[in-house]
Amino acid sequence: MIRVGVNGYGTIGKRVADAVAAQADMELIGVTKASPDYGVETASRRGYDLYAAVEDRTDRFAAAGVDLAGTLGDLLDAVDVIVDCAPSGVGERNAPVYEAHDTPAIFQGGEDAAVADASFNARGRFEAARGADSVRVVSCNTTALSRLLAPLDETFGVEKARVTLVRRGGDPNETDRGPINDIVPDPATVPSHHGPDVNEILPDVAVDTAALKAPVTAMHTHSVNVTLATEPDPAAVRDLLAGESRIFLIPEAAGIDGAGALKDYAADAGRPRGDLWENCVWEESISVTGRDLYLFQNVHQEADVVPENVDAVRALATDVDAAESVARTNETLGVGLDGRLGDGELTRTELPADD
């Protein structure tokens, strides 16, 4: 059993904690919170031991009547791997603490690549974690682009990828994010950080990215144009992507026209929190003109990196290979197989119930 701790029980941390707890070869030792907010009750209902992320804030938990199992230092001494799910920038400040406790760490894509020994994606760079003391699971957008571009490059060759990202303004609970009534370049320069970040995973793939931020909370949308080295039939591209377990080809007959319908579908399929762990590619958007491939995909920013974090734990702490780890994670979480959305194997009854 791999003993795992999660430092930060927010949007990503709570999902990673649930995913780790569902693995047969992992034991979730505990999670941390920086303050006794509503997440404390959620963790308690799920039966997770709670640790204070900041040692000098333990009195706040005591004042709120919250029992702690200890502090972050205690958690680090009890685990084989720590998954840092703190807000962007905080992970970098946490890194020396992990090093002092000699605890291998997994960081999130909100941190700079330099925070870890290697950047990680299960589809494109699993083995980079072997022998490392720390890895960074790349961001939700970079994860999705790596999952898409890796099989395209392996099968057809990628001469150049051009991606326009329309990014959500904030997660549903981030009331301080924006814009409120605008669409803004984010950044105004090209490329956005996503292209160079993809090259942390796929260094030989030429990719340019431009990003905008929109006043929505649901999902990111990618408009993708890839110039391939060969001229495939569109059906060959569809078959290739359908065979990728973490890509869901949205059938035209489903009548799913956007992020709202996707989230509704995921909830009806029994997904916890309505999560979509897969890239969601509109099947009818896949078209090929000469060597140019075009498609649209949606990316659930709260969820798509969750299976990658589980795989990163195995890559750091075991000798399990990429294919076996991905298969275990997919089966346990109910990630879609054969290009179709998972049929809800991981339901609310198999995880500790939501509040």
Side-chain angles (χ1 to χ4, degrees), residues 6-8 10-16 19 83-92 94-95 105-126 128-129 134-150 161 163-172 174 177 185-187 189-203 205 207-214 216-224 246-247 259 275-280 297-313 315:
V6 175
N7 186 19
T11 298
I12 299 298
K14 64 186 178 183
R15 289 171 164 85
V16 170
V83 184
D84 185 290
C85 296
S88 297
V90 178
E92 182 180 3
N94 289 336
I106 297 168
F107 297 94
Q108 304 307 308
E111 306 299 328
D112 290 338
V115 75
D117 295 339
S119 291
F120 179 90
N121 174 261
R123 182 61 181 82
R125 205 158 183 256
F126 188 95
S134 60
V135 296
R136 178 186 67 125
V137 172
V138 292
S139 72
C140 51
N141 285 307
T142 306
T143 291
L145 289 173
S146 299
R147 289 174 180 168
L148 177 69
L149 293 175
V163 184
T164 300
L165 303 92
V166 181
R167 303 174 57 225
R168 59 90 179 103
D171 291 333
E174 293 178 324
R177 297 286 291 270
D186 184 38
T189 56
V190 177
S192 65
H193 75 271
H194 307 92
D197 212 24
V198 169
N199 288 142
E200 292 286 330
I201 302 299
L202 304 171
V205 172
V207 53
D208 283 340
T209 54
L212 303 98
K213 188 160 59 173
V216 299
T217 62
M219 299 174 75
H220 303 304
T221 300
H222 295 175
S223 174
V224 180
R246 292 180 182 173
I247 293 179
D275 283 348
L276 287 149
W277 300 298
E278 305 87 349
N279 297 26
C280 299
Q297 68 176 2
N298 264 28
V299 180
H300 187 189
Q301 76 281 356
E302 299 172 282
D304 82 323
V305 300
V306 170
E308 309 298 319
N309 274 272
V310 174
D311 292 328
V313 170

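What you see is a predicted model, and the numbers here were worked out from it, not measured in a lab.
For the residue pair Ala218 and His300, the shortest heavy atom distance occurs at O-CD2, 4.0 Å. Residues Phe107 and Asp84 share a closest heavy-atom pair of CD2-CB, 3.9 Å. Closest non-hydrogen pair, Cys140 versus Val299, comes out as O-CG1, 3.7 Å. Residues Ile12 and Cys85 share a closest heavy-atom pair of CG2-SG, 4.1 Å. Minimum heavy-atom separation, Met219 to Cys280: CE-SG, 4.4 Å. The minimum heavy-atom distance between Ala312 and Val135, with the atom names listed, is CB-CG2, 4.2 Å.
Proximity of a side-chain donor or acceptor of Ser134 to a complementary backbone N or O of Asp117 within less than 3.5 Å is detected. Of the possible polar contacts, one joining the Thr143 side chain to the Val138 backbone as a donor-acceptor pair under 3.5 Å is found. In this structure, Gln108 contributes its side chain and Ala86 its backbone to no donor-acceptor pair below 3.5 Å. Side chain of Arg136 to main chain of Glu111: a donor-acceptor pair is present (N/O by atom type, distance under 3.5 Å, no hydrogens or angles).
Here Asp171 pairs with Thr11, Arg168, Asn173, Glu174, Gln301, Glu302 under the side-chain contact (heavy atoms from CB on, under 4.5 Å) rule; sequence neighbours left out. Under the side-chain contact (heavy atoms from CB on, under 4.5 Å) criterion, Ser192 pairs with Leu165, Pro187, His194, Thr209, Ala211, sequence neighbours left out. Residues that satisfy the side chain to side chain donor-acceptor pair (under 3.5 Å) test with Asp208, not counting sequence neighbours, are Lys160. Qualifying side chain to side chain donor-acceptor pair (under 3.5 Å) partners for Asp186, counting only residues two or more places apart in sequence or in other chains: Arg167. In this view, Pro196 and Pro191 satisfy the side-chain contact (heavy atoms from CB on, under 4.5 Å) rule, not counting sequence neighbours. With sequence neighbours excluded, the residues that form a side-chain contact (heavy atoms from CB on, under 4.5 Å) with Thr164 are Leu212, Ser223.
Here the rule is side-chain contact (heavy atoms from CB on, under 4.5 Å) with Asn279, and of Leu145, Asn298, Ile247 only Ile247 fits it.
Asn94 has its side chain within reach of Asn7: a pair of non-hydrogen atoms, C-beta onward, lies under 4.5 Å apart.
Using a cutoff of 4.0 Å between basic side-chain nitrogens and carboxylate oxygens, Glu200 and Arg125 are not scored as salt-bridged.
To the nearest 0.5 Å, atom CD of residue Glu308 and atom CG of residue Asn121 are 5.0 Å apart. One distance of note links OG of Ser119 with CD1 of Ile201; it measures 5.5 Å at 0.5 Å rounding.
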Could you go through the side chain to side chain contact (heavy atoms under 4.5 Å, CB included) check for Asp275 and Val306 one step at a time? CA-CA 10 Å; Asp275 283 348; Val306 170; 5.8 Å; no
Residue pair Leu148, His222: steps toward the side chain to side chain contact (heavy atoms under 4.5 Å, CB included) verdict: CA-CA 11 Å; Leu148 177 69; His222 295 175; over 6 Å; no
Begin with the C-alpha distance, continue with both residues' side-chain angles, and end with the deciding distance and a verdict on side chain to side chain donor-acceptor pair (under 3.5 Å) for Asp197 and Thr142. CA-CA 6 Å; Asp197 212 24; Thr142 306; 3.1 Å; yes
